[in-house]
S.K.: 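My structure is below; once you've seen it, I'll send some questions.
For the numbers below, each heavy atom of this structure counts, side chains included, while hydrogens, waters and symmetry mates do not. Atoms within a ligand are numbered from 1 in the order they appear, just like the ligands themselves.
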Amino acid sequence: MEQKEMVVVVDFGGQYNQLIARRVRENNVYCEVYPYNKALEKIKGLQPKGIIFTGGPASVYEENAPKMEAEVFELGIPVLGMCYGMQFMAHTLGGHVTSAETREFGKTPTRVDVSSPLFKGLSEEEVVWMSHVDYVAKVPEGFKIVAHTKDCPVAAMQNEERRLYAMQYHAEVLHTEHGKEMLHNFLYEVCGCTGQWTMANYAKTAIKEIRNTVGDGKVLLALSGGVDSSVAAALISKAVGDQLTCIFVDHGLMRKNEGDEVEAAFKGSGMHFIRVDAEERFLTKLAGLEDPEAKRKAIGEEFIRVFEDEGRKIGSVDYLAQGTIYPDVIESGTGEAEVIKSHHNVGGLPAVVDFKGLIEPLRNLFKDEVRQLGAELGLADYLVWRQPFPGPGLAIRVMGEVTKDKLDVLRDADYIFRDEIAKAGLDRSINQYFAVLTSTRTVGVMGDFRTYDYTLALRGVTTTDFMTADWARIPYDVLDTISRRIVNEVNHINRIVYDITSKPPATIEWE
Ligand code: XMP
(Lines give C-alpha, C1' and ligand atoms only; values in the text may rest on other atoms or scores of the structure.)
Protein backbone atom coordinates (compact mmCIF):
# COMPACT_ATOMS: atom_id res chain seq x y z
CA MET A 1 0.00 0.00 0.00
CA GLU A 2 1.42 3.37 -0.93
CA GLN A 3 1.93 5.41 2.23
CA LYS A 4 2.57 9.11 2.31
CA GLU A 5 4.08 9.05 5.76
CA MET A 6 5.21 6.16 7.87
CA VAL A 7 7.51 5.03 10.65
CA VAL A 8 9.48 1.80 10.91
CA VAL A 9 9.52 0.08 14.30
CA VAL A 10 12.68 -1.98 14.67
CA ASP A 11 11.97 -4.97 16.85
CA PHE A 12 14.74 -5.99 19.23
CA GLY A 13 12.66 -8.74 20.79
CA GLY A 14 10.76 -6.74 23.39
CA GLN A 15 7.42 -7.87 24.67
CA TYR A 16 5.92 -4.47 23.83
CA ASN A 17 6.88 -4.30 20.16
CA GLN A 18 3.30 -4.52 18.89
CA LEU A 19 2.10 -2.14 21.54
CA ILE A 20 4.56 0.50 20.33
CA ALA A 21 3.28 0.06 16.80
CA ARG A 22 -0.32 0.42 17.96
CA ARG A 23 0.53 3.57 19.90
CA VAL A 24 2.13 5.08 16.82
CA ARG A 25 -0.97 4.32 14.81
CA GLU A 26 -3.21 5.72 17.54
CA ASN A 27 -1.30 8.91 16.86
CA ASN A 28 -2.53 8.64 13.25
CA VAL A 29 0.83 7.68 11.81
CA TYR A 30 1.18 4.46 9.87
CA CYS A 31 4.01 2.14 10.89
CA GLU A 32 5.37 -1.28 10.15
CA VAL A 33 7.38 -3.58 12.42
CA TYR A 34 10.56 -5.31 11.19
CA PRO A 35 13.07 -7.49 13.01
CA TYR A 36 16.40 -5.76 13.71
CA ASN A 37 18.31 -8.02 11.34
CA LYS A 38 16.16 -7.14 8.34
CA ALA A 39 15.28 -3.58 9.20
CA LEU A 40 18.02 -1.60 7.45
CA GLU A 41 17.14 -2.88 4.01
CA LYS A 42 13.46 -2.14 4.64
CA ILE A 43 14.21 1.35 5.93
CA LYS A 44 16.27 2.16 2.86
CA GLY A 45 13.47 0.99 0.60
CA LEU A 46 10.60 2.58 2.50
CA GLN A 47 12.26 5.88 3.39
CA PRO A 48 10.16 6.34 6.55
CA LYS A 49 9.76 9.64 8.35
CA GLY A 50 11.12 8.10 11.53
CA ILE A 51 12.51 4.97 13.13
CA ILE A 52 11.71 3.59 16.58
CA PHE A 53 13.82 0.95 18.33
CA THR A 54 11.91 -1.27 20.74
CA GLY A 55 13.17 -2.65 24.01
CA GLY A 56 14.37 -6.22 24.35
CA PRO A 57 15.52 -8.65 27.01
CA ALA A 58 19.22 -8.68 26.04
CA SER A 59 22.18 -6.72 27.36
CA VAL A 60 24.35 -5.01 24.72
CA TYR A 61 27.35 -6.87 26.12
CA GLU A 62 25.93 -10.32 25.52
CA GLU A 63 27.56 -12.21 22.72
CA ASN A 64 24.37 -12.68 20.76
CA ALA A 65 22.78 -9.37 21.64
CA PRO A 66 20.59 -8.17 18.77
CA LYS A 67 22.36 -5.43 16.85
CA MET A 68 21.64 -3.70 13.60
CA GLU A 69 24.04 -1.90 11.29
CA ALA A 70 25.33 1.44 12.65
CA GLU A 71 24.52 2.87 9.23
CA VAL A 72 20.98 3.38 10.52
CA PHE A 73 22.26 6.44 12.40
CA GLU A 74 23.72 7.97 9.25
CA LEU A 75 20.60 8.01 7.10
CA GLY A 76 19.40 11.39 8.30
CA ILE A 77 16.12 9.81 9.46
CA PRO A 78 15.11 10.59 13.07
CA VAL A 79 15.52 7.68 15.49
CA LEU A 80 13.88 7.10 18.86
CA GLY A 81 15.45 4.33 20.97
CA MET A 82 13.45 2.89 23.84
CA CYS A 83 14.90 0.84 26.73
CA TYR A 84 17.25 -1.70 25.07
CA GLY A 85 16.91 0.45 21.95
CA MET A 86 18.43 3.35 23.89
CA GLN A 87 21.24 1.21 25.25
CA PHE A 88 21.99 -0.08 21.78
CA MET A 89 22.11 3.50 20.45
CA ALA A 90 24.39 4.68 23.26
CA HIS A 91 26.71 1.68 23.01
CA THR A 92 27.00 1.88 19.22
CA LEU A 93 27.72 5.60 19.17
CA GLY A 94 30.46 5.48 21.79
CA GLY A 95 28.62 6.01 25.07
CA HIS A 96 28.89 3.71 28.04
CA VAL A 97 26.26 1.20 29.15
CA THR A 98 26.59 -0.48 32.51
CA SER A 99 24.68 -2.86 34.73
CA ALA A 100 22.87 -1.62 37.83
CA GLU A 101 22.97 -3.65 41.02
CA THR A 102 19.23 -3.74 41.26
CA ARG A 103 16.55 -3.51 38.69
CA GLU A 104 14.72 -0.18 38.43
CA PHE A 105 11.12 -1.22 38.04
CA GLY A 106 7.71 0.39 38.03
CA LYS A 107 6.34 3.91 38.09
CA THR A 108 9.19 6.34 38.66
CA PRO A 109 9.19 10.12 39.18
CA THR A 110 11.46 11.68 36.56
CA ARG A 111 12.91 15.16 36.04
CA VAL A 112 12.60 16.13 32.42
CA ASP A 113 14.02 18.98 30.38
CA VAL A 114 10.96 20.63 28.85
CA SER A 115 13.05 22.39 26.24
CA SER A 116 13.54 18.98 24.54
CA PRO A 117 11.08 18.44 21.68
CA LEU A 118 10.22 15.08 23.28
CA PHE A 119 8.81 16.81 26.34
CA LYS A 120 7.15 19.78 24.72
CA GLY A 121 4.03 20.76 26.63
CA LEU A 122 4.81 18.46 29.59
CA SER A 123 5.84 19.35 33.13
CA GLU A 124 9.31 19.14 34.66
CA GLU A 125 8.28 16.27 36.90
CA GLU A 126 6.81 13.31 34.98
CA VAL A 127 5.94 9.77 36.02
CA VAL A 128 7.39 7.12 33.72
CA TRP A 129 7.44 3.35 33.79
CA MET A 130 10.86 1.76 34.15
CA SER A 131 11.88 -1.85 33.72
CA HIS A 132 15.62 -2.29 33.30
CA VAL A 133 18.88 -3.50 34.83
CA ASP A 134 21.37 -2.02 32.36
CA TYR A 135 21.52 1.74 31.97
CA VAL A 136 23.44 4.39 30.09
CA ALA A 137 26.15 5.71 32.40
CA LYS A 138 27.74 8.04 29.86
CA VAL A 139 26.05 9.45 26.79
CA PRO A 140 27.83 9.42 23.41
CA GLU A 141 29.56 12.57 22.24
CA GLY A 142 27.16 15.21 20.99
CA PHE A 143 24.31 13.90 23.16
CA LYS A 144 22.61 15.75 25.97
CA ILE A 145 20.84 14.25 28.98
CA VAL A 146 17.22 15.41 28.94
CA ALA A 147 15.71 13.32 31.75
CA HIS A 148 16.95 11.56 34.88
CA THR A 149 15.55 9.78 37.93
CA LYS A 150 16.91 9.19 41.40
CA ASP A 151 18.59 5.96 40.29
CA CYS A 152 18.99 6.47 36.58
CA PRO A 153 21.36 9.23 35.46
CA VAL A 154 20.15 9.09 31.84
CA ALA A 155 16.42 8.49 31.62
CA ALA A 156 16.37 10.22 28.23
CA MET A 157 19.02 11.65 25.89
CA GLN A 158 19.10 13.44 22.59
CA ASN A 159 21.31 14.71 19.82
CA GLU A 160 19.08 17.33 18.26
CA GLU A 161 21.35 18.04 15.37
CA ARG A 162 21.42 14.40 14.24
CA ARG A 163 17.79 13.94 15.30
CA LEU A 164 18.61 10.97 17.53
CA TYR A 165 16.51 10.55 20.69
CA ALA A 166 16.20 7.86 23.31
CA MET A 167 14.29 6.97 26.47
CA GLN A 168 15.20 4.40 29.08
CA TYR A 169 11.57 3.97 30.12
CA HIS A 170 8.57 2.59 28.28
CA ALA A 171 6.51 5.42 26.81
CA GLU A 172 4.16 2.92 25.19
CA VAL A 173 2.63 1.58 28.42
CA LEU A 174 -0.14 3.51 30.10
CA HIS A 175 1.79 3.68 33.40
CA THR A 176 3.95 6.33 31.75
CA GLU A 177 1.40 9.00 32.34
CA HIS A 178 2.21 11.17 29.33
CA GLY A 179 3.75 8.45 27.20
CA LYS A 180 1.27 9.06 24.42
CA GLU A 181 2.24 12.75 24.33
CA MET A 182 5.95 11.86 24.27
CA LEU A 183 5.45 9.57 21.28
CA HIS A 184 3.25 12.20 19.69
CA ASN A 185 6.05 14.74 20.15
CA PHE A 186 8.57 12.45 18.51
CA LEU A 187 6.27 11.81 15.57
CA TYR A 188 5.07 15.35 15.03
CA GLU A 189 7.77 17.64 16.47
CA VAL A 190 10.80 15.60 15.43
CA CYS A 191 9.71 13.56 12.41
CA GLY A 192 7.32 16.18 11.04
CA CYS A 193 4.41 13.79 10.60
CA THR A 194 1.01 15.31 9.94
CA GLY A 195 -1.29 12.41 10.91
CA GLN A 196 -2.71 10.96 7.72
CA TRP A 197 -3.42 7.49 9.04
CA THR A 198 -7.14 7.16 9.67
CA MET A 199 -9.48 4.33 8.86
CA ALA A 200 -11.49 6.64 6.61
CA ASN A 201 -8.37 7.24 4.53
CA TYR A 202 -7.48 3.58 4.68
CA ALA A 203 -10.88 2.53 3.41
CA LYS A 204 -10.60 4.88 0.42
CA THR A 205 -7.11 3.71 -0.51
CA ALA A 206 -7.89 0.03 0.05
CA ILE A 207 -11.04 0.17 -2.05
CA LYS A 208 -9.13 1.80 -4.89
CA GLU A 209 -6.39 -0.77 -4.61
CA ILE A 210 -8.75 -3.75 -4.57
CA ARG A 211 -10.44 -2.37 -7.70
CA ASN A 212 -7.08 -2.03 -9.43
CA THR A 213 -6.00 -5.53 -8.52
CA VAL A 214 -9.25 -7.30 -9.25
CA GLY A 215 -10.28 -5.45 -12.39
CA ASP A 216 -13.34 -7.26 -13.66
CA GLY A 217 -12.26 -10.55 -12.05
CA LYS A 218 -14.13 -12.65 -9.54
CA VAL A 219 -13.31 -12.90 -5.83
CA LEU A 220 -14.24 -15.64 -3.37
CA LEU A 221 -14.22 -15.23 0.41
CA ALA A 222 -14.97 -17.78 3.11
CA LEU A 223 -17.00 -15.80 5.60
CA SER A 224 -17.06 -17.10 9.17
CA GLY A 225 -19.04 -14.26 10.68
CA GLY A 226 -16.04 -13.30 12.83
CA VAL A 227 -14.81 -9.71 12.86
CA ASP A 228 -11.95 -10.14 10.41
CA SER A 229 -13.76 -11.98 7.65
CA SER A 230 -16.85 -9.76 8.07
CA VAL A 231 -14.84 -6.57 7.68
CA ALA A 232 -12.93 -8.03 4.74
CA ALA A 233 -16.25 -8.93 3.10
CA ALA A 234 -17.67 -5.46 3.65
CA LEU A 235 -14.54 -3.79 2.25
CA ILE A 236 -14.25 -5.99 -0.82
CA SER A 237 -17.93 -5.73 -1.60
CA LYS A 238 -17.67 -1.93 -1.43
CA ALA A 239 -14.85 -2.19 -3.94
CA VAL A 240 -16.16 -4.73 -6.43
CA GLY A 241 -19.82 -5.37 -5.55
CA ASP A 242 -21.22 -8.48 -7.14
CA GLN A 243 -17.83 -9.67 -8.36
CA LEU A 244 -17.46 -10.91 -4.77
CA THR A 245 -18.95 -14.21 -3.67
CA CYS A 246 -19.00 -15.07 0.03
CA ILE A 247 -19.54 -18.58 1.25
CA PHE A 248 -20.82 -18.78 4.78
CA VAL A 249 -20.89 -22.33 6.12
CA ASP A 250 -23.44 -22.58 8.87
CA HIS A 251 -22.29 -25.68 10.71
CA GLY A 252 -25.13 -25.53 13.20
CA LEU A 253 -22.61 -24.93 15.98
CA MET A 254 -23.12 -21.17 16.14
CA ARG A 255 -24.53 -19.26 19.05
CA LYS A 256 -28.21 -18.39 19.18
CA ASN A 257 -29.37 -16.28 16.20
CA GLU A 258 -25.82 -15.92 14.95
CA GLY A 259 -26.27 -17.50 11.54
CA ASP A 260 -29.30 -15.33 10.85
CA GLU A 261 -27.46 -12.21 12.00
CA VAL A 262 -24.62 -12.85 9.60
CA GLU A 263 -27.06 -13.50 6.78
CA ALA A 264 -29.03 -10.35 7.58
CA ALA A 265 -25.86 -8.27 7.58
CA PHE A 266 -24.68 -9.41 4.18
CA LYS A 267 -27.62 -10.54 2.16
CA GLY A 268 -28.72 -7.69 -0.06
CA SER A 269 -25.40 -5.88 0.25
CA GLY A 270 -24.62 -6.36 -3.43
CA MET A 271 -22.32 -9.36 -3.17
CA HIS A 272 -23.27 -12.95 -3.90
CA PHE A 273 -23.91 -14.39 -0.48
CA ILE A 274 -24.19 -18.15 -0.14
CA ARG A 275 -25.26 -19.59 3.18
CA VAL A 276 -24.72 -23.30 3.32
CA ASP A 277 -26.95 -24.97 5.85
CA ALA A 278 -24.74 -27.86 6.88
CA GLU A 279 -25.99 -28.57 10.39
CA GLU A 280 -26.97 -32.13 9.67
CA ARG A 281 -23.70 -32.96 7.96
CA PHE A 282 -21.73 -31.72 10.94
CA LEU A 283 -23.91 -33.35 13.58
CA THR A 284 -23.67 -36.66 11.76
CA LYS A 285 -19.88 -36.44 11.76
CA LEU A 286 -19.86 -35.53 15.45
CA ALA A 287 -22.13 -38.37 16.55
CA GLY A 288 -20.38 -40.62 19.04
CA LEU A 289 -17.27 -38.44 19.33
CA GLU A 290 -16.26 -37.39 22.84
CA ASP A 291 -12.62 -36.44 22.59
CA PRO A 292 -12.06 -32.69 22.01
CA GLU A 293 -9.34 -33.15 19.41
CA ALA A 294 -11.37 -35.77 17.57
CA LYS A 295 -14.27 -33.31 17.47
CA ARG A 296 -12.02 -30.52 16.17
CA LYS A 297 -10.58 -32.80 13.52
CA ALA A 298 -13.99 -33.97 12.35
CA ILE A 299 -15.25 -30.39 12.11
CA GLY A 300 -12.13 -29.17 10.29
CA GLU A 301 -12.38 -31.97 7.74
CA GLU A 302 -16.08 -31.50 7.20
CA PHE A 303 -15.51 -27.80 6.59
CA ILE A 304 -13.16 -28.63 3.77
CA ARG A 305 -15.66 -31.11 2.33
CA VAL A 306 -18.44 -28.51 2.41
CA PHE A 307 -16.21 -25.91 0.77
CA GLU A 308 -15.19 -28.37 -1.86
CA ASP A 309 -18.79 -29.13 -2.68
CA GLU A 310 -19.59 -25.43 -2.97
CA GLY A 311 -16.33 -24.71 -4.74
CA ARG A 312 -17.10 -27.29 -7.43
CA LYS A 313 -20.26 -25.36 -8.21
CA ILE A 314 -18.20 -22.19 -8.62
CA GLY A 315 -15.36 -23.82 -10.51
CA SER A 316 -12.90 -21.02 -10.86
CA VAL A 317 -12.40 -17.53 -9.52
CA ASP A 318 -9.62 -15.02 -10.03
CA TYR A 319 -8.87 -14.20 -6.41
CA LEU A 320 -9.31 -15.79 -3.05
CA ALA A 321 -9.71 -13.27 -0.26
CA GLN A 322 -8.65 -13.79 3.35
CA GLY A 323 -9.06 -11.79 6.53
CA THR A 324 -5.43 -12.12 7.64
CA ILE A 325 -4.47 -9.32 10.04
CA TYR A 326 -1.14 -7.69 10.97
CA PRO A 327 -0.32 -9.62 14.17
CA ASP A 328 -0.34 -12.81 12.07
CA VAL A 329 2.13 -11.26 9.67
CA ILE A 330 4.70 -9.62 11.95
CA GLU A 331 7.89 -11.57 12.24
CA SER A 332 9.41 -11.67 15.68
CA GLY A 333 12.52 -9.61 16.41
CA THR A 334 14.18 -12.55 18.06
CA GLY A 335 14.65 -14.00 14.62
CA GLU A 336 12.57 -17.01 15.56
CA ALA A 337 9.19 -17.66 14.10
CA GLU A 338 6.29 -16.18 16.01
CA VAL A 339 4.80 -18.44 18.61
CA ILE A 340 2.42 -20.49 16.55
CA LYS A 341 -1.07 -20.18 17.89
CA SER A 342 -2.52 -23.52 18.56
CA HIS A 343 -5.72 -22.62 16.78
CA HIS A 344 -6.40 -21.12 13.42
CA ASN A 345 -9.71 -19.95 12.22
CA VAL A 346 -11.39 -22.47 10.07
CA GLY A 347 -11.82 -21.25 6.54
CA GLY A 348 -9.03 -22.90 4.60
CA LEU A 349 -8.74 -22.58 0.88
CA PRO A 350 -11.10 -24.78 -1.03
CA ALA A 351 -8.69 -26.99 -2.87
CA VAL A 352 -10.98 -27.51 -5.82
CA VAL A 353 -11.24 -23.84 -6.70
CA ASP A 354 -8.71 -22.53 -9.20
CA PHE A 355 -7.47 -19.03 -8.52
CA LYS A 356 -4.63 -16.79 -9.64
CA GLY A 357 -4.03 -14.69 -6.60
CA LEU A 358 -4.74 -14.00 -2.99
CA ILE A 359 -6.04 -10.71 -1.64
CA GLU A 360 -5.66 -9.85 2.02
CA PRO A 361 -6.92 -6.32 2.49
CA LEU A 362 -6.52 -6.31 6.30
CA ARG A 363 -2.95 -7.54 6.26
CA ASN A 364 -1.58 -4.29 7.64
CA LEU A 365 -4.17 -3.70 10.34
CA PHE A 366 -4.28 -4.42 14.04
CA LYS A 367 -7.47 -5.85 15.49
CA ASP A 368 -8.60 -2.53 16.95
CA GLU A 369 -8.10 -0.95 13.52
CA VAL A 370 -10.12 -3.72 11.88
CA ARG A 371 -12.99 -2.87 14.23
CA GLN A 372 -12.67 0.84 13.45
CA LEU A 373 -12.64 0.08 9.76
CA GLY A 374 -15.76 -2.07 10.16
CA ALA A 375 -17.54 0.81 11.86
CA GLU A 376 -16.31 3.17 9.14
CA LEU A 377 -17.81 0.86 6.51
CA GLY A 378 -21.13 0.86 8.32
CA LEU A 379 -21.09 -2.70 9.66
CA ALA A 380 -23.47 -3.30 12.56
CA ASP A 381 -22.03 -3.01 16.07
CA TYR A 382 -22.75 -6.63 16.88
CA LEU A 383 -20.47 -7.71 14.05
CA VAL A 384 -17.79 -5.12 14.71
CA TRP A 385 -17.60 -5.90 18.43
CA ARG A 386 -18.11 -9.63 18.16
CA GLN A 387 -15.87 -11.49 20.58
CA PRO A 388 -13.64 -14.20 19.18
CA PHE A 389 -15.51 -17.40 18.52
CA PRO A 390 -13.67 -20.65 17.93
CA GLY A 391 -13.98 -22.26 14.51
CA PRO A 392 -15.44 -25.49 15.98
CA GLY A 393 -18.06 -23.35 17.67
CA LEU A 394 -20.24 -24.72 20.42
CA ALA A 395 -19.02 -28.24 19.74
CA ILE A 396 -16.11 -27.57 22.11
CA ARG A 397 -18.42 -25.95 24.65
CA VAL A 398 -20.62 -29.02 25.00
CA MET A 399 -18.40 -31.38 26.95
CA GLY A 400 -18.22 -34.83 25.48
CA GLU A 401 -20.67 -35.96 22.84
CA VAL A 402 -22.49 -33.21 20.97
CA THR A 403 -26.20 -33.52 20.26
CA LYS A 404 -28.70 -31.08 18.88
CA ASP A 405 -30.59 -31.06 22.19
CA LYS A 406 -27.51 -30.21 24.20
CA LEU A 407 -26.56 -27.51 21.71
CA ASP A 408 -30.00 -25.95 22.06
CA VAL A 409 -29.79 -25.95 25.86
CA LEU A 410 -26.35 -24.35 25.68
CA ARG A 411 -27.46 -21.79 23.11
CA ASP A 412 -30.32 -20.61 25.31
CA ALA A 413 -28.18 -20.38 28.42
CA ASP A 414 -25.33 -18.67 26.60
CA TYR A 415 -27.76 -16.16 25.13
CA ILE A 416 -28.99 -15.14 28.58
CA PHE A 417 -25.42 -14.84 29.82
CA ARG A 418 -24.48 -12.57 26.93
CA ASP A 419 -27.66 -10.57 27.25
CA GLU A 420 -27.06 -9.83 30.94
CA ILE A 421 -23.40 -9.01 30.41
CA ALA A 422 -24.41 -6.49 27.76
CA LYS A 423 -27.12 -5.05 30.01
CA ALA A 424 -24.54 -4.62 32.76
CA GLY A 425 -22.35 -2.70 30.29
CA LEU A 426 -19.54 -5.24 30.59
CA ASP A 427 -19.55 -6.52 27.01
CA ARG A 428 -16.51 -4.52 25.89
CA SER A 429 -14.43 -4.87 29.03
CA ILE A 430 -14.66 -8.66 29.24
CA ASN A 431 -12.83 -9.88 26.17
CA GLN A 432 -14.44 -13.28 25.87
CA TYR A 433 -17.33 -14.80 27.79
CA PHE A 434 -19.48 -17.82 27.19
CA ALA A 435 -21.31 -20.72 28.77
CA VAL A 436 -20.15 -24.32 28.80
CA LEU A 437 -22.50 -27.27 29.12
CA THR A 438 -20.63 -29.75 31.30
CA SER A 439 -21.33 -33.46 31.24
CA THR A 440 -21.80 -33.48 35.00
CA ARG A 441 -25.30 -33.97 36.33
CA THR A 442 -26.14 -33.13 39.89
CA VAL A 443 -29.12 -33.37 42.19
CA GLY A 444 -31.27 -30.32 42.70
CA VAL A 445 -34.70 -29.41 43.91
CA MET A 446 -37.27 -27.39 42.03
CA GLY A 447 -40.61 -26.79 43.67
CA ASP A 448 -41.27 -30.06 45.45
CA PHE A 449 -39.41 -32.15 42.97
CA ARG A 450 -35.99 -33.66 42.93
CA THR A 451 -34.10 -32.91 39.73
CA TYR A 452 -31.06 -34.57 38.28
CA ASP A 453 -29.78 -32.24 35.58
CA TYR A 454 -26.77 -30.63 33.99
CA THR A 455 -24.28 -28.25 35.52
CA LEU A 456 -23.59 -25.20 33.42
CA ALA A 457 -20.28 -23.37 33.73
CA LEU A 458 -19.86 -19.69 32.95
CA ARG A 459 -16.51 -18.38 31.78
CA GLY A 460 -15.39 -14.79 31.33
CA VAL A 461 -11.82 -13.61 30.71
CA THR A 462 -9.88 -10.43 30.25
CA THR A 463 -6.90 -10.65 27.96
CA THR A 464 -5.08 -8.74 25.27
CA ASP A 465 -3.60 -11.55 23.25
CA PHE A 466 -5.61 -14.66 24.26
CA MET A 467 -2.31 -16.41 24.99
CA THR A 468 -2.64 -15.54 28.66
CA ALA A 469 -5.85 -14.46 30.35
CA ASP A 470 -7.27 -13.57 33.72
CA TRP A 471 -10.75 -14.57 34.86
CA ALA A 472 -13.10 -11.62 34.77
CA ARG A 473 -14.33 -10.19 38.07
CA ILE A 474 -18.01 -10.09 37.15
CA PRO A 475 -19.92 -8.41 40.00
CA TYR A 476 -21.81 -10.87 42.23
CA ASP A 477 -25.17 -9.26 41.61
CA VAL A 478 -24.72 -9.60 37.84
CA LEU A 479 -23.78 -13.27 38.30
CA ASP A 480 -26.80 -13.69 40.53
CA THR A 481 -29.19 -12.29 37.90
CA ILE A 482 -27.64 -14.50 35.23
CA SER A 483 -27.87 -17.60 37.39
CA ARG A 484 -31.51 -17.02 38.34
CA ARG A 485 -32.54 -16.30 34.78
CA ILE A 486 -30.82 -19.36 33.36
CA VAL A 487 -32.23 -21.88 35.83
CA ASN A 488 -35.68 -20.35 35.48
CA GLU A 489 -35.72 -20.01 31.72
CA VAL A 490 -33.69 -22.94 30.46
CA ASN A 491 -34.71 -26.54 30.99
CA HIS A 492 -32.22 -29.21 32.08
CA ILE A 493 -29.88 -26.92 33.99
CA ASN A 494 -30.12 -26.97 37.76
CA ARG A 495 -26.70 -25.75 38.83
CA ILE A 496 -24.39 -23.00 37.65
CA VAL A 497 -20.72 -22.48 38.46
CA TYR A 498 -18.34 -19.66 37.55
CA ASP A 499 -14.85 -20.54 36.34
CA ILE A 500 -12.21 -18.73 38.44
CA THR A 501 -9.05 -20.03 36.80
CA SER A 502 -6.68 -17.94 34.75
CA LYS A 503 -4.74 -19.03 31.68
CA PRO A 504 -2.29 -20.56 32.37
CA PRO A 505 -2.82 -23.00 34.03
CA ALA A 506 -6.27 -23.41 32.49
CA THR A 507 -7.10 -22.55 28.89
CA ILE A 508 -9.90 -20.20 27.90
CA GLU A 509 -12.08 -22.89 26.35
CA TRP A 510 -12.87 -25.99 28.38
CA GLU A 511 -11.98 -28.38 25.60
P1 XMP B 1 -7.65 -21.50 24.54
O2 XMP B 1 -8.81 -22.34 24.91
O3 XMP B 1 -6.58 -22.26 23.82
O4 XMP B 1 -8.22 -20.42 23.51
O5 XMP B 1 -7.10 -20.73 25.70
C6 XMP B 1 -7.52 -19.29 23.05
C7 XMP B 1 -8.41 -18.60 22.03
O8 XMP B 1 -8.56 -19.44 20.88
C9 XMP B 1 -9.93 -19.77 20.69
N10 XMP B 1 -9.98 -21.18 20.30
C11 XMP B 1 -10.12 -21.61 19.03
N12 XMP B 1 -10.27 -20.93 17.87
N13 XMP B 1 -10.38 -22.97 16.69
C14 XMP B 1 -10.43 -21.62 16.71
O15 XMP B 1 -10.60 -21.01 15.65
C16 XMP B 1 -10.24 -23.74 17.81
O17 XMP B 1 -10.20 -24.97 17.76
C18 XMP B 1 -10.10 -23.01 19.04
N19 XMP B 1 -9.93 -23.40 20.33
C20 XMP B 1 -9.86 -22.26 21.08
C21 XMP B 1 -10.61 -19.51 22.01
O22 XMP B 1 -12.00 -19.23 21.84
C23 XMP B 1 -9.82 -18.33 22.53
O24 XMP B 1 -10.25 -17.11 21.95
Side-chain angles (χ1 to χ4, degrees), residues 18 221-232 247-256 258-259 262 278 282 285-286 289-304 306-307 322-325 327-328 338-349 362 366-368 370-371 383-400 402 407 410-411 414 417-418 421 427-438 457-472 498-511:
Q18 292 194 25
L221 172 76
L223 184 69
S224 71
V227 182
D228 303 341
S229 67
S230 296
V231 174
I247 298 182
F248 166 52
V249 174
D250 184 350
H251 52 17
L253 306 166
M254 303 262 173
R255 290 169 291 200
K256 189 164 172 158
E258 206 160 34
V262 174
F282 280 88
K285 290 286 173 195
L286 284 168
L289 297 184
E290 289 189 1
D291 175 67
E293 288 311 304
K295 291 198 275 183
R296 277 198 174 78
K297 195 159 166 263
I299 293 166
E301 283 172 2
E302 195 56 17
F303 247 108
I304 295 174
V306 175
F307 273 128
Q322 286 193 320
T324 318
I325 68 171
D328 305 330
E338 256 225 325
V339 184
I340 310 281
K341 291 193 195 119
S342 46
H343 321 292
H344 292 278
N345 281 323
V346 185
L349 315 181
L362 311 179
F366 286 108
K367 193 83 175 186
D368 37 359
V370 173
R371 292 195 206 276
L383 284 179
V384 170
W385 287 101
R386 181 154 280 176
Q387 47 174 316
F389 186 61
L394 299 183
I396 55 166
R397 294 180 183 170
V398 168
M399 301 297 94
V402 179
L407 286 168
L410 177 59
R411 262 191 278 262
D414 183 72
F417 183 28
R418 287 190 286 139
I421 290 290
D427 49 337
R428 292 200 188 167
S429 52
I430 305 177
N431 306 99
Q432 197 173 7
Y433 50 96
F434 51 86
V436 172
L437 187 66
T438 76
L458 302 177
R459 178 79 160 139
V461 295
T462 53
T463 173
T464 49
D465 57 5
F466 297 89
M467 309 295 274
T468 61
D470 196 9
W471 59 277
Y498 186 56
D499 182 346
I500 51 167
T501 34
S502 292
K503 172 184 179 178
T507 52
I508 296 175
E509 303 288 347
W510 275 39
E511 283 198 336

S.K.: Near Phe466, which atoms of ligand 1 are under 4.0 Å from a heavy atom of that residue?
M.R.: 6 (C), 24 (O)
S.K.: When you measure from atom 11 (C) of ligand 1 to each heavy atom in Pro392, Ala395, Pro390, which option holds the nearest one?
M.R.: Pro390
S.K.: Considering distance alone, does some N or O of Ile396 sit under 3.5 Å from an N or O of ligand 1?
M.R.: no
S.K.: Do the non-hydrogen side-chain atoms of Val461 and Tyr433 ever get within less than 4.5 Å of each other?
M.R.: no
S.K.: Hey, which of Val398, Ile396, Leu437, Thr438 is the one that makes side-chain contact (heavy atoms from CB on, under 4.5 Å) with Trp510?
M.R.: Thr438
S.K.: Against heavy atoms of Gly391, which atoms of ligand 1 measure under 4.0 Å?
M.R.: 12 (N), 13 (N), 14 (C), 15 (O)
S.K.: How about Phe434 and Phe389: are their ring centres within less than 6.0 Å of each other?
M.R.: no
S.K.: How about Lys256: does its NZ atom have over 12 heavy atoms from other parts shown lying under 6.0 Å from it?
M.R.: yes
S.K.: Checking the side chain of Arg459 only, and the main-chain atoms of Thr501 only, is there a donor and an acceptor separated by less than 3.5 Å?
M.R.: yes
S.K.: Taking only heavy atoms of Thr507 into account, list the atoms of ligand 1 that are under 4.0 Å away from them.
M.R.: 1 (P), 2 (O), 5 (O)
S.K.: Any nitrogen or oxygen of Arg397, side chain or backbone, less than 3.5 Å from one on ligand 1?
M.R.: no
S.K.: Heavy-atom contacts with Lys503 under 4.0 Å: which atoms of ligand 1 show up? List them by number with element.
M.R.: 1 (P), 3 (O), 5 (O), 6 (C)
S.K.: Taking atom types as modelled, is there a side-chain donor on Asp470 or Thr462 under 3.5 Å from an acceptor on the other?
M.R.: no
